[in-house]
Amino acid sequence: AQSVSQHNHHVILSEAASLELGCNYSYGGTVNLFWYVQYPGQHLQLLLKYFSGDPLVKGIKGFEAEFIKSKFSFNLRKPSVQWSDTAEYFCAVNAGAGSYQLTFGKGTKLSVIP
Amino acid sequence: EAQVTQNPRYLITVTGKKLTVTCSQNMNHEYMSWYRQDPGLGLRQIYYSMNVEVTDKGDVPEGYKVSRKEKRNFPLILESPSPNQTSLYFCASSLSTLAGVLNEQFFGPGTRLTVL
């Protein structure tokens, strides 16, 4: 079974700082990878996803993520955060074709200080 | 408006009293799923359904039941709730999987359940 590790439980940044949230998964085969965001009091929404092709994927609101197969990683990045990025971020993995399960990491709470 | 709806949004109940949380989507999605979210544990998948009458267990299915008699509805049933099922529950739906590829999921607003 696949598992997902998110290294940081809580990250605090000042506005305009750069962001990188770590995500590692454990599964040896083909994977589909997702980052979801949950703003305070709201439900989850998709930030970006990787299925195949260019390992650098761009999502909404200036976020991007890089899939590094050799490191089993899918880190999320943003060059300059805003106060409105304050939210909880979840990495999720699906073990490729034929698998209908989605496994989430425990989440990273991001607090951006104005 | 395309959406996933859940009812009720908030529920306080007592141990052993059967309850059902409804989930409905209006996007004609084949795939639907239930998750629970607990502090420090993230989201964990309870059950999922690939299509009508096709369901399977996720990571934490114990104490829950589901059914998928219609494409748009996917109710979550707790036959005998216990305090350890106190949690925030999310329903989600997704477009049909192409060659078994799980697509982006659209989440409902959540149901906060407290079992006393």
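Each chain gets a letter, A, B and so on, in the order the sequences are listed, and its residues count up from 1.
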Rounded to the nearest 0.5 Å, what separation is found between the CZ atom of A:Phe51 and the CG atom of B:Asn103? 4.5 Å

Determine whether more than 12 heavy atoms belonging to other residues, nucleotides or ligands lie under 6.0 Å from atom CD1 of B:Ile12. no

Closest approach of B:Gln45 and A:Leu102, non-hydrogen atoms and distance? OE1-N, 3.1 Å

Heavy atoms from other residues, nucleotides or ligands near NZ of A:Lys106 exceed 12 (cutoff 6.0 Å): no

Within a reach of under 6.0 Å around NE2 of A:His10, are more than 12 heavy atoms found that belong to other residues, nucleotides or ligands? yes

Measure B:Tyr35 against the heavy atoms of chain A and call it side chain, backbone, both or neither at under 4.5 Å. side chain

Is it the side chain or the backbone of A:Gln45 that comes within 4.5 Å of chain B heavy atoms, both, or neither? neither

Could you state the interatomic distance from CD (A:Gln38) to CG (B:Leu43), rounded to the nearest 0.5 Å? 7.0 Å

Give, as side chain, backbone, both or neither, the part of A:Glu88 having an atom under 4.5 angstrom from any heavy atom of chain B. side chain

In terms of hydrophobic clusters joined by side-chain contacts under 4.5 Å, are B:Val60 and A:Val4 together? no

Quick one: does any side-chain atom of A:Tyr100 pair with a main-chain N or O of B:Tyr31 as donor and acceptor, under 3.5 Å? no

With rounding to the nearest 0.5 angstrom, report the CZ to NE2 distance, B:Phe90 to A:His43. 8.5 Å

To the nearest 0.5 Å, what is the distance between CG (A:Leu47) and CD (B:Glu104)? 10.5 Å

Got a sec: does the CZ of A:Arg77 have more than 12 other heavy atoms crowding it under 6.0 Å? yes

For B:Gln105 and A:Tyr36, the nearest pair of non-hydrogen atoms, with its separation, is N-OH, 2.9 Å

Heavy-atom pair count under 4.5 Å with chain A, highest-scoring of B:Lys57, B:Gln37, B:Arg44: B:Gln37

